[in-house]
There are 2 protein chains.
Amino acid sequence: MSPVLFSHTNSICPAADHQTAQFILLRLQPPLARMDAGEFRRRGKEMVDYVADYLENIEQRPVYPDVEPGYLRKLIPTEAPEDPESYEEVMKDVERVIMPGVTHWHSPNFFAYFPTASSYPAMLADMLCGAIGCIGFSWAASPACTELETVMLDWLGKMLKLPDCFIAGTEGHGGGVIQSTASEATLVALLAARCKSVKRVQASNPKLSEAEICSKLVAYTSEQAHSSVERAGLIGGVMMKKVPTDFNYSLRGPLLQKMIEEDKAAGLIPFFFCATLGTTSCCSFDHLPDLGPICIKENMWMHVDAAYAGSSFICPEFRPLLDGVEFADSFNFNPHKWLLINFDCSAMWVKKRTDIIGAFKVEPFYLKHDNQESGLVTDYRHWQIPLGRRFRSLKMWFVFRMFGIKQLQAYIRKHVALAKEFESLVRADKRFEICAEVVLGLVCFRVKGSNELNQALLKRITKCREIHLVPCQLAGRVVLRFCVCAASTESHHVQSAWQHITQLTFELLQEQIN
Amino acid sequence: MSPVLFSHTNSICPAADHQTAQFILLRLQPPLARMDAGEFRRRGKEMVDYVADYLENIEQRPVYPDVEPGYLRKLIPTEAPEDPESYEEVMKDVERVIMPGVTHWHSPNFFAYFPTASSYPAMLADMLCGAIGCIGFSWAASPACTELETVMLDWLGKMLKLPDCFIAGTEGHGGGVIQSTASEATLVALLAARCKSVKRVQASNPKLSEAEICSKLVAYTSEQAHSSVERAGLIGGVMMKKVPTDFNYSLRGPLLQKMIEEDKAAGLIPFFFCATLGTTSCCSFDHLPDLGPICIKENMWMHVDAAYAGSSFICPEFRPLLDGVEFADSFNFNPHKWLLINFDCSAMWVKKRTDIIGAFKVEPFYLKHDNQESGLVTDYRHWQIPLGRRFRSLKMWFVFRMFGIKQLQAYIRKHVALAKEFESLVRADKRFEICAEVVLGLVCFRVKGSNELNQALLKRITKCREIHLVPCQLAGRVVLRFCVCAASTESHHVQSAWQHITQLTFELLQEQIN
């Protein structure tokens with residue numbers, strides 16, 4: 001028997017074969033009774049109203065849910081139904097089952113974590129993205145999906161006044177890509193740096209194996225960096241050292257340089273540094289103009305993670321925070337945090353496309369296409385961890401055009417102003433202290449007193465469910481983070497939040513006295 | 001100056017500080033003139049109609065675009081606009097700029113790659129997902145998002161008759177998670193296996209460093225496995241060996257066992273095997289009942305990648321293809337391929353949650369929450385590469401309920417029947433040959449003759465843009481892949497496609513004679 005010819009009787013799935021006749025019968029049956037375009041038109045419009053109703057009235061829902069772990073399983077069947085249920089039944093359950101367990105990130109009373117963006121233009125674009133439903137792993141798989149992405153990253157890069165070397169244009173060696181999250185961008189940068197360093201070391205020491213080199217590679221980041229940076233080191237199998245920060249929780253050159261010297265003396269190979277602009281704990285900024293030249297001198301890849309803060313750099317007054325990015329090999333921030341583009345949309349730029357592509361390229365025959373060797377096309381699958389990708393640049397295009405740069409700037413400024421307003425409320429109350437400089441939309445504060453007191457306050461805030469905050473730890477002290485998050489947050493929400501916090505603090509302090 | 005108290009005059013962003021007064025003025029201005037709920041209600045309904053129109057009339061569009069690399073950049077400005085543009089302007093450009101460059105994956109004439117799923121219920125759920133817009137990295141970040149996912153993965157696991165050890169339930173040690181893509185699932189499995197193996201080896205050889213152990217770890221997969229498996233090895237920094245397959249392109253036990261023996265004799269540590277059910281080239285199936293016991297005996301993690309084929313296992317007649325999964329540590333398939341749930345939704349199950357969590361766990365203070373140590377909650381960020389995650393289980397819930405299991409089974413069967421129909425057309429024409437057993441929706445075929453002839457045929461098909469196919473390589477031969485992909489594909493599309501292919505073949509062969 002030929003290796004490429006099969007008889008029906010040698011099936012690897014005999015059961016399937018028996019059923020062939022049955023399948024042909026099936027095909028003669030009437031079409032499947034599933035939702036058709038007509039019903040979608042009706043239900044889709046109902047859903048549009050549901051979405052608008054939800055967002056218009058979100059303030060009436062408690063921002064944080066009152067459910068115990070395991071609540072949901074008890075409310076729904078243990079198995080999927082055999083027969084279809086109606087749209088009405090499902091939507092009834094959205095209110096019964098889902099909404100009671102939702103933390104409402106777009107409530108004007110949500111001040112936890114960092115914002116996640118939401119806007120109507122982005123939602124419209126996502127509907128279109130779902131309908132087109134293409135998978136853009138290569139240029140040929142859907143040219144518009146790849147090309148719009150490249151141009152949108154150029155638009156955004158120019159909005160940020162990124163150095164030209166990061167812009168793809170028609171001639172550039174750099175360019176941008178949408179990753180799902182900042183964590184992935186950090187990992188991709190670290191892997192590209194690892195690959196580049198291994199090649200460089202092997203060029204002068206051809207006998208060293210990749211494993212031997214990797215065991216000596218060392219990466220650095222600030223002790224304030226996001227946990228995903230440490231995780232990138234774990235995944236990439238390289239050492240990741242945490243460098244102490246100054247009193248501003250900001251990393252400066254001398255401490256990094258000192259660590260590098262010690263590590264080199266110990267035979268290690270410094271290869272990667274991840275700087276943070278806008279740390280998660282307190283929105284502090286590493287000092288790129290110091291750190292960049294060190295990385296250049298030491299032949300280390302510098303990746304800049306500005307996940308939250310990056311959106312603000314579209315405002316000229318915040319752009320100085322990005323100074324020094326010209327020294328970076330890669331830069332990333334999340335428009336899905338603060339630029340009105342719904343999750344997921346993490347924008348990453350590299351100076352040299354070939355660095356990043358080299359780290360991942362595996363070319364199977366079924367993904368080859370005519371244009372790929374022309375040098376004219378981008379196959380984004382070589383830029384990222386997953387293979388598949390959605391048409392996410394549509395969201396950028398809709399948002400940039402339907403807001404325009406000026407309105408996006410105004411949006412950022414409004415949030416910063418609201419944070420400043422909260423800061424001045426805190427500063428005016430002597431029972432409280434501000435714990436880190438308020439640069440953007442985050443205010444770190446605490447009740448003067450013990451960590452336990454602050455933890456008790458936070459617990460009470462969470463339990464009341466009127467507003468939602470999360471804590472952080474700064475120099476060993478428990479601190480509350482108040483971050484302006486929702487597009488719907490206005491001054492009166494900030495004022496009410498502060499009133500609520502001071503009221504709970506008053507009660508707590510009273511109880512402690514009694 | 002206290003390390004946690006800041007004066008206004010020591011700002012790290014002096015520019016920002018100067019603007020504070022200006023911000024406060026800004027806040028007194030009228031609200032931003034952005035799209036409000038009222039306009040969204042109108043535009044959203046228009047978009048619902050656009051989506052329905054697009055999908056109802058998709059057949060009238062050429063399935064493959066007629067554009068050259070770089071086409072899009074010339075059609076739009078080089079920078080984002082300063083001021084807002086209207087929704088009408090943007091939508092006009094969707095037809096002018098985007099649609100001409102789209103490969104229409106949901107056209108009934110799209111037979112390339114593997115399917116990507118699309119259904120109206122999934123799109124409705126995605127609209128809701130966008131509106132809720134929560135980020136589900138921990139239980140507390142939105143309990144419903146985490147809990148629905150766990151229960152939906154249980155539902156789906158039961159639909160597939162996965163062994164109980166993969167079901168979370170209320171007492172189980174296993175459970176499921178939604179990854180973005182199968183590539184990520186493979187990587188997560190490999191990293192979990194790497195972590196487990198390093199710990200095991202270190203337990204008996206405490207002096208060995210992680211790097212030394214990793215340099216000896218060896219993973220295996222079939223030579224027919226997806227390119228992302230090789231890539232997972234590259235990323236994880238471990239050797240990945242490709243094991244030859246039999247005449248069915250299926251991996252069997254003896255060859256794997258032989259390679260393992262040789263590697264162990266050479267001092268290597270076999271630790272991971274990735275089996276494929278339904279390979280990308282030709283939808284062949286590795287023989288789990290042989291391979292599983294080898295992995296158990298050798299203490300190797302077995303991951304099963306059934307990205308495409310997995311959806312079919314909800315039909316009892318295809319479930320035998322999954323036999324042997326009871327030996328696996330992790331199993332993955334993509335409901336976003338063939339189960340009517342729009343991308344992204346890659347379902348992954350593990351037998352022991354602790355294995356996968358152990359490989360990634362980094363716990364920053366700002367993500368801690370009250371319930372996390374209770375053992376009752378799942379924090380999915382420990383299960384995946386990215387930190388953030390959308391509320392993707394809503395799509396599963398909507399699709400499972402609005403179709404019901406029977407209709408989902410009928411959908412799979414219809415596609416298989418259409419593939420069988422195409423197969424019989426090919427078999428009836430002596431100029432062609434079938435190159436691999438047709439088990440599900442993929443038919444691998446070729447014109448009898450040279451690779452060049454088949455490449456020329458494919459080129460002509462692509463150029464005509466009536467149907468779209470991609471090639472693969474099997475045993476050195478160029479083969480055409482005809483995969484039933486779109487929900488809208490009917491028997492008459494398959495018949496026309498075949499007519500088109502034979503017509504082009506006829507012309508090509510005529511030209512060769514002349």
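Labels below follow one simple rule: chain letters A, B, ... track the order of the sequence lines, proteins then strands, and each chain is numbered from 1. Nothing here was measured: the structure is a model prediction, and the numbers come from that model.
- Looking only at heavy-atom pairs under 4.5 Å with chain B, the residue among A:Ala211, A:Gly404, A:Ala80, A:Gly130 that has the most is A:Ala80.
- Residues A:Phe400 and B:Val90 have side chains not in contact (no heavy-atom distance under 4.5 Å, counting atoms from C-beta outward).
- Contacts of A:Leu55 with chain B are made by side-chain atoms alone, with heavy-atom separations under 4.5 Å and no backbone atom involved.
- A 4.5 Å side-chain heavy-atom check between B:Pro81 and A:Phe403 finds every atom pair outside the cut-off.
- Using a 4.5 Å cut-off between heavy atoms, A:Tyr50 touches chain B through its side chain atoms alone.
- Comparing A:Met159, A:Lys45, A:Glu184 by heavy-atom pairs within less than 4.5 Å of chain B, the highest count is held by A:Lys45.
- Without hydrogens or angle criteria, B:His106 side chain to A:Ala131 main chain gives no donor-acceptor distance under 3.5 Å.
- Side-chain contact check for A:Met123 versus B:Met127: every heavy-atom pair is 4.5 Å or farther apart.
- For A:Arg73 (side chain) and B:Leu148 (main-chain N/O), no donor-acceptor pair under 3.5 Å exists by modelled atom type.
- Listed for the B:Glu85 side chain is no donor-acceptor partner under 3.5 Å among the backbone atoms of A:Met402.
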| Where do A:Thr116 and B:Ile135 land on the side-chain contact (heavy atoms from CB on, under 4.5 Å) test, with the steps shown first? | CA-CA 7 Å; A:Thr116 184; B:Ile135 305 297; 3.4 Å; yes
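- With respect to A:Lys406 and B:Glu82, no salt bridge is recorded, no charged nitrogen being found less than 4.0 Å from a carboxylate O.
- Ring planes of A:Phe40 and B:Tyr120: parallel class, angle under 30° (limits at 30 and 60°).
- A:Glu147 places a side-chain N or O within 3.5 Å of a backbone atom of B:Tyr71 that can act as its donor or acceptor partner.
- Looking at B:Val479, neither its backbone nor its side chain comes within 4.5 Å of chain A, counting heavy atoms on both sides.
- Using modelled atom types, no side-chain atom of B:Ser180 and backbone atom of A:Pro386 make a donor-acceptor pair closer than 3.5 Å.
- Of the two parts of B:Ala182, neither the backbone nor the side chain holds a non-hydrogen atom closer than 4.5 Å to a non-hydrogen atom of chain A.
- B:Thr78 has its side chain out of reach of A:Asp154: every pair of non-hydrogen atoms, C-beta onward, lies at least 4.5 Å apart.
- Listed for the B:Trp105 side chain is no donor-acceptor partner under 3.5 Å among the backbone atoms of A:Ser142.
- Contacts of A:Ser183 with chain B are made by side-chain atoms alone, with heavy-atom separations under 4.5 Å and no backbone atom involved.
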| request: Report the C-alpha distance between B:His104 and A:Ile132 in whole Å, list the side-chain angles of each, state the deciding distance to 0.1 Å, and finish with yes or no for side-chain contact (heavy atoms from CB on, under 4.5 Å). | output: CA-CA 7 Å; B:His104 298 286; A:Ile132 294 176; 5.8 Å; no
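- Looking at B:Glu79, the atoms closer than 4.5 Å to chain A (heavy atoms on both sides) sit in the backbone and in the side chain alike.
- If you take SG on A:Cys134 and CD1 on B:Ile98, they are separated by 10.0 Å, rounding to the nearest 0.5 Å.
- Proximity to chain B (any heavy atom under 4.5 Å) is restricted, for A:Asn342, to the side chain, taken from C-beta onward.
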